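Counting starts at 1 for both ligands and their atoms, following the listed order. Values in this document were obtained by computation on a predicted structure and should not be read as measured data.
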Amino acid sequence: MVSRETSVPEPPALPQWLEPAGGDLTRYAELLAGPGIQRGLLGPREAPRIWDRHILNCAVVADPAQGLVPSGARVADIGSGAGLPGLVWALARPDLSVVLIESLLRRVTFLTECAHELDLTERVQVVRARAEEGGDRAGSADGGLDVVTARAVAPLGTVARWAAPLIRPGGYLVALKGESAHEELARDGAELQASGLVDARVLTVGEGVVEPATTVVIAQRATAQ
Ligand SMILES: C[S@@+](CC[C@H](N)C(=O)[O-])C[C@H]1O[C@@H](n2cnc3c(N)ncnc32)[C@H](O)[C@@H]1O
């Protein structure tokens, strides 16, 4: 069981679609700002910016109005760390099932405890694996995943190489990339193509909800000809 701290910033006004998840997201914010920081999963200076820099930065990508994460999607989050974006998406979107792929035991332990604490065990699976080795345990063996995401894990080309085998044909890579997105796509575009990911582009989501808005690179796994 994870202990909680109460010294968490007040939740901000949430966009309407996210309001039903407000209580659960607040509990997750407490877990991040308490044991997440105590155990070194997030830096000590992150507490005041848990909402903007972490929870909302991730949540806006799963806004159903954006259409980046389809209804009922099976999702994997590579290098989930403390659960970003995977746990945020699972809390924000009860229609999703989410596999959190993480290589470090300390983080896997925290993710597993959070999944229990937040009542997510029926829809969230925690897999301890290196992404490049863990595909068969992330659902790809039975037809692949609809969406694979990652935030702050590796250069775009590497993320693409790890993610592509997990994505079903026609499914999507949705990589949270920040300011470097255009530069990374220009540099690694050929690697995406070589991994079977096509129509790659940069999108900005969450304007008016989070500052700065979140920048993502999306690309589709090519369908067989
Ligand atoms: C900088 S942290 C980012 C964590 C989280 N996605 C976030 O945005 O806060 C990178 C995480 O990726 C994990 N990681 C790095 N390489 C990995 C790999 N090949 N497979 C699975 N996890 C990996 C690390 O253990 C770490 O938890």
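Considering only non-hydrogen protein atoms, atom 26 (C) of ligand 1 sits nearest to Glu102 OE1, 3.6 Å. Looking from atom 23 (C) of ligand 1 to the surrounding protein, the closest heavy atom is Ser103 OG, 3.4 Å. Counting protein heavy atoms only, atom 16 (N) of ligand 1 is closest to Trp162 CH2, 4.0 Å. Protein heavy atom nearest atom 12 (O) of ligand 1, with residue, atom name and distance: Gly79 CA, 3.3 Å. Counting protein heavy atoms only, atom 9 (O) of ligand 1 is closest to Arg151 NH2, 3.4 Å. Nearest protein neighbour of atom 15 (C) of ligand 1, counting heavy atoms only, is Val153 CG1, 4.1 Å.
In this structure, CZ in Arg49 is found 14.0 Å from CD1 in Ile55, a value given to the nearest 0.5 Å.
Considering backbone and side-chain N/O of Ala131, one or more are found under 3.5 Å from N/O of ligand 1. The shortest N or O to N or O distance between Ala152 and ligand 1 is not below 3.5 Å.
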Worked check of salt bridge (Lys or Arg N to Asp or Glu O under 4.0 Å) between Arg27 and Asp24: CA-CA 5 Å; Arg27 284 203 292 284; Asp24 289 336; 2.2 Å; yes
Which is it for Leu31 and Glu117 under the side chain to side chain contact (heavy atoms under 4.5 Å, CB included) test, yes or no, and what are the steps along the way? CA-CA 9 Å; Leu31 294 170; Glu117 188 88 1; 4.0 Å; yes
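Val61 is listed as a side-chain neighbour of Leu176, based on a closest heavy-atom distance under 4.5 Å.
Those atoms of ligand 1 that come under 4.0 Å of a heavy atom in Ala129, given as number and element, are 20 (N), 21 (C). Shown in contact with Glu132 at under 4.0 Å from a heavy atom are these atoms of ligand 1, numbered in order with element: 18 (C), 19 (N). Within ligand 1, counting atoms from 1 as listed, the ones closer than 4.0 Å to a heavy atom of Gly81 are 4 (C), 27 (O). Below 4.0 Å from some heavy atom of Arg107 lie the following atoms of ligand 1, by number and element: 27 (O).
Using a 3.5 Å distance cut-off with no hydrogens or angles, the side chains of His54 and Arg151 do pair a donor with an acceptor.
Atom CD of Glu207 has more than 12 neighbouring heavy atoms from other residues, nucleotides or ligands inside a 6.0 Å radius.
Judged by distance alone, with hydrogens and angles left aside, the side-chain atoms of Thr214 form a donor-acceptor pair with the main-chain N or O of Asn57 at under 3.5 Å.
Across all their heavy atoms, Asp77 and Gly83 have their closest contact at OD2-C, 4.3 Å.
When Leu120, Ile50, Leu84 are each tested for a side-chain contact (heavy atoms from CB on, under 4.5 Å) with Tyr28, only one passes: Leu84.
Residue Ser80 touches ligand 1 through its backbone alone, judged by heavy-atom distances below 4.0 Å.
Using a 4.0 Å cutoff on heavy atoms, Leu104 counts as a contact of ligand 1.
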